[in-house]
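Input: a single structure, listed below in structure tokens.
By convention here, the first residue in the shown sequence is residue 1. As the structure lists them, so they are numbered: ligands from 1, and atoms in each ligand from 1.
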Amino acid sequence: MDKLVITGNGPLKGEILISGAKNSALKLMVACLLTDEPLVLSRMPNLADTRFLSELLASLGVEVYWPRGENTCHLNAATLKTTIAPYEQVRKMRASFNVLGPLLAREGHATVSLPGGCAIGARPVDLHLQAFEAMGADIVIEEGYVKAAAIRGLKGAEIEFPFPSVGATEHTMLTATLAKGVTTIKNAACEPEIEDLADCLNAMGAKISGAGTSTIEIEGVSKLNGHKHLVMADRIEAGTYAMAVAATGGDVLLRDAPVEGLSAMIESLEKAGVSAMPEESGLRIQRAEGRLKPVDINTAPHPGFPTDLQAQFMALMTTADGESTIRENIFENRFMHVPELSRLGAKIQVKGNEAIVTGVDELKAAPVMATDLRASVSLVIAGLVATGTTTVSRVYHLDRGFERLEEKLEACGGKVIRETE
Ligand code: UD1
């Protein structure tokens, strides 16, 4: 198992090229199931999660051509071998569940395991299933599997989500492209990745309007064609490096950062005293000498502050000059980084979905453990500002979502070395 050894080394300076967005890439890959023509995705991030999904797609019969280390992935679902996605493959990553709708829309039936650790309970998929039922699918849950059938095909429907779920919006949109008639999604999520998916589907021949707003309309078509699509750049990766520069000080250009999707974060960074200036080629982050100001944040669906940047912002606030309150409103258990940040000397008190962070003068290095994807990168940020050498173990969590993290930081002067335990 790999670990990262991080030595605080002062300000970061230089340029970081932002990779393709993991959360967009995963849904775009699934779109290949909707057509018997090739879908080619460029700026594909080489990540454990995207590689893993390519294996699942291959097991369904998709021809995948994606040489190691390359950023263009060719997917061809001309013929499918099966419409069953087994537990061993779906349990590892929740986004794998998104094969259900496209398989159902194309083949009229699909059997897909419920996602990892998710009985219909915490982090459920009930909204996804309700949408498919509204579109005329028969759904049964048996032995941990969702068995869905629509013998006479799916029909357009009016669907209103009780809250804007990203996954349910994307999954419904994918599925409705091949339904008969018009599907309307109300209270849809508005994340930029949803627009990226709609752009790709429209170029494949779908008829989707309103993606990126809270009402999306999808007029079903009988067939989709192949396409070559450029995956949008990753706003969460860009936001993470922005926070790293804000924490260490310095001056870094985040090349290709999708600035429009980062307005809530930019606003919070500026309140903290960090300059985040959009430029033609990306976003420049600069922080001068002196302590950061404390800033309160509330995570919320887009365009609010993204939950996927909450842990990183908390790491930033650990050395601010005063007290900040961080409220997590999307996931109930997303403070797993708190005990690890505390090991580095951070002062954080958790009360329900609120964390009160009292800034300290400095963090001190310690061995810490990655617990999940975004939590673990907050430890890297903290390690970069701590005095001494911090080791972050279990970095496989990081490898799920950050492409060449240590290389990108090292190019800007960060001392981050990967070691195999
Ligand atoms: C996606 C992102 C994830 C991000 C999240 C919120 C991907 C691969 N993942 O996750 O990085 O943190 O959006 O921006 O794109 N819920 C239900 N029933 C459902 C679906 C969701 O109750 O059927 C709940 C979840 O438990 C959670 C909340 O809704 O509390 C938000 O989930 P959702 O927006 O669906 O997130 P994901 O699509 O899973």
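- Between A189 and ligand 1 there is no heavy-atom distance shorter than 4.0 Å.
- At a heavy-atom distance under 4.0 Å, no atom of E193 approaches ligand 1.
- Residue R255 is tested with E237, E15, E280, E279 for a salt bridge (charged side-chain N to carboxylate O under 4.0 Å, His left out); the sole match is E15.
- The distance from ligand 1 to the heavy atoms of T307 drops below 4.0 Å at these ligand atoms: 6 (C), 12 (O), 14 (O).
- In this structure, a donor-acceptor pair under 3.5 Å is present between the side chains of S24 and D196.
- For the residue pair H171 / N98, a side-chain donor-acceptor distance below 3.5 Å is found, with atom types taken as modelled.
- Of all atoms in ligand 1, listed by their number and element, those nearer than 4.0 Å to a heavy atom of G167 are 35 (O), 38 (O).
- For ligand 1 and H128, the ligand atoms under 4.0 Å from any heavy atom of the residue are 23 (O).
- For H302, no heavy-atom contact with ligand 1 is shorter than 4.0 Å.
- Side-chain contact annotation: T420 with D2, donor-acceptor N/O pair under 3.5 Å present.
- The CG atom of D296 lies 9.0 Å from the CD atom of E354; values are rounded to the nearest 0.5 Å.
- Side chains of Y65 and L75 form no contact here, defined as non-hydrogen atoms less than 4.5 Å apart.
- Taking any N or O of D126, backbone or side chain, at least one lies under 3.5 Å from an N or O belonging to ligand 1.
- Just one of T307, D372, T299 meets the side-chain hydrogen bond (donor to acceptor under 3.5 Å, both in side chains) condition when paired with R334; it is T307.
- Put simply, part of R334 is less than 4.0 Å from ligand 1, judged by heavy atoms.
- For the 3.5 Å distance criterion, the side chains of S19 and K408 qualify, holding a donor opposite an acceptor.
- Looking at L26 next to ligand 1, no N or O pair under 3.5 Å apart turns up.
- Residue-ligand proximity, K27 to ligand 1, at heavy-atom distances under 4.0 Å covers atoms 7 (C), 8 (C), 15 (O).
- Where the criterion is an N or O separation shorter than 3.5 Å, residue side chain and backbone included, R374 fails it with respect to ligand 1.
- Counting heavy atoms closer than 4.0 Å to ligand 1, residue V166 contributes atoms from both its backbone and its side chain.
- Distances between N or O atoms of E170 and those of ligand 1 include no value under 3.5 Å.
- Classification of K147 and D138 as a salt-bridged pair fails, no side-chain N sitting under 4.0 Å from a carboxylate O.
- Within the listing of ligand 1, atoms 18 (N), 19 (C), 23 (O) sit less than 4.0 angstrom from a heavy atom of L127.
- Atoms of ligand 1 found under 4.0 Å from any heavy atom of R94 (numbered from 1 in listed order, with element): 20 (C), 21 (C), 39 (O).
- Evaluation of the ring-ring contact (aromatic ring centres under 6.0 Å, His included) rule for H337 yields no partner, not counting sequence neighbours.
- Residue contacts with ligand 1: F163 is placed with no nitrogen or oxygen under 3.5 Å of a nitrogen or oxygen of the ligand (distance criterion only).
- Contact annotation: for I330 versus ligand 1, heavy atoms closer than 4.0 Å belong to both the backbone and the side chain.
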